[in-house]
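Both ligands and their constituent atoms are indexed starting at 1 by order of listing.
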Amino acid sequence: MSRQAVLERFRGNSPLIAPSMLKCDFGDLGGEIDRLEAAGADSIHWDVMDGHFVPNLSYGAPVIESVRKRTELPFDAHLMISDPGRYLDDFLRAGCDLITIHIEAVPEPATLLRRIREGGAAAGLSINPGTPVAAIRDYLNNCDLVLVMSVEPGFGGQKFLPISLDKLAELRNILGREALLAIDGGIDPRTIGPAAEAGADLFVAGSAIFDEEDYRMAIARLRDACSS
Ligand code: DX5
Ligand code: ZN
């Protein structure tokens, strides 16, 4: 999918629910994608970890590529790795439609964000709970989406940090209505409402979906909690 197509698909369609594949059944990755699509997921969120930028390892571009043909859903790669520039082409080739890098890994991200766009994908920039919005202000024009971390990156199943709500509100204020604002970590039926209220339109959720038997019900519960 082209950058433009993925942005058109996302814009104005809040709440967007993006299941984080960190907790999926990797023994049946294709089946999990089918179930998530049938359950109404808006995109597939791939948490890529290198054991260096974060203290955990997950998977890389070949795993993502192996299921690319399984679905038309946008693939969103969240690169929690120290040197994303080194692997960027692999993720573009794997068919990622949105690629998000961290300001803490790349303090001067303009060149890399430009490379993501030139590669045909939408460009995302993420900030950790301890990083102020001021750190990314100069680069907002270079990105299509800002991803606010509401837990320290590295692991699923952590508690939502309310500091992220202030950051969402601050970013929404700077960005205006058009820009895509995402939140990642500890999103569940209790936390999603306040996050939506603060201005998020894309919600990454791992445990709230994969800890449930019925993905359709889990996703519906998240959507409902957003509008109530
Ligand atoms: C954390 C990841 C998240 C995480 C979300 O480093 O970026 O996407 O898997 O999982 P939950 O929803 O369980 O916090
Ligand atoms: Zn993530």
task: Salt-bridge test for Arg68 and Asp97: reply yes if a basic N is under 4.0 Å from a carboxylate O, no otherwise.
output: yes
query: Is Arg190 salt-bridged to Asp188, going by a charged N under 4.0 Å from an acidic O?
result: yes
query: Of Ser58, Gly154, Ala205, which has the heavy atom at the shortest distance from atom 6 (O) of ligand 1?
result: Gly154
- prompt: Ignoring water, what protein N, O or S atoms are under 2.8 Å from the Zn ion (ligand 2)?
  reply: His45 NE2, Asp47 OD1, His78 ND1, Asp184 OD2
- prompt: With a 4.0 Å cut-off on heavy atoms, is Phe210 touching ligand 1?
  reply: no
statement: atom 3 (C) of ligand 1 sits nearest the protein heavy atom Asp184 OD1, 2.8 Å
statement: When distances are taken from atom 14 (O) of ligand 1, the protein heavy atom at minimum range is Gly186 N, 2.8 Å
- prompt: Would you say Lys23 contacts ligand 1, with heavy atoms under 4.0 Å as the rule?
  reply: no
Connected via hydrophobic side-chain network under 4.5 Å: Phe75 and Ile209: yes
Between side-chain atoms of residues 201-208 and protein atoms elsewhere (two or more places apart, or another chain), which donor-acceptor pairs fall under 3.5 Å?
residue : atom : partner : partner atom : Å
Asp201  : OD1  : Leu181  : N            : 2.8
Asp201  : OD2  : Arg172  : NH2          : 2.8
Ser207  : OG   : Lys23   : NZ           : 2.9
Ser207  : OG   : Gly157  : N            : 3.3

query: Nearest protein heavy atom to atom 2 (C) of ligand 1, by residue and atom, and its distance?
result: Asp47 OD1, 3.4 Å
task: Could you find the nearest protein heavy atom to atom 12 (O) of ligand 1 and give me its residue, atom name and distance?
output: Gly206 N, 2.7 Å
query: Which heavy atom of the protein is the closest neighbour of atom 10 (O) of ligand 1, given with residue, atom name and distance?
result: Gly156 CA, 3.6 Å
field: ligand 1 contact on Ser207 by region, counting heavy-atom pairs under 4.0 Å
entry: both
- request: Indicate yes or no: does Arg35 engage Glu32 in a salt bridge with an N to O separation below 4.0 Å.
  value: yes
query: Going by the angle between their ring planes, with limits at 30° and 60°, are His102 and Phe53 parallel, tilted or perpendicular?
result: tilted
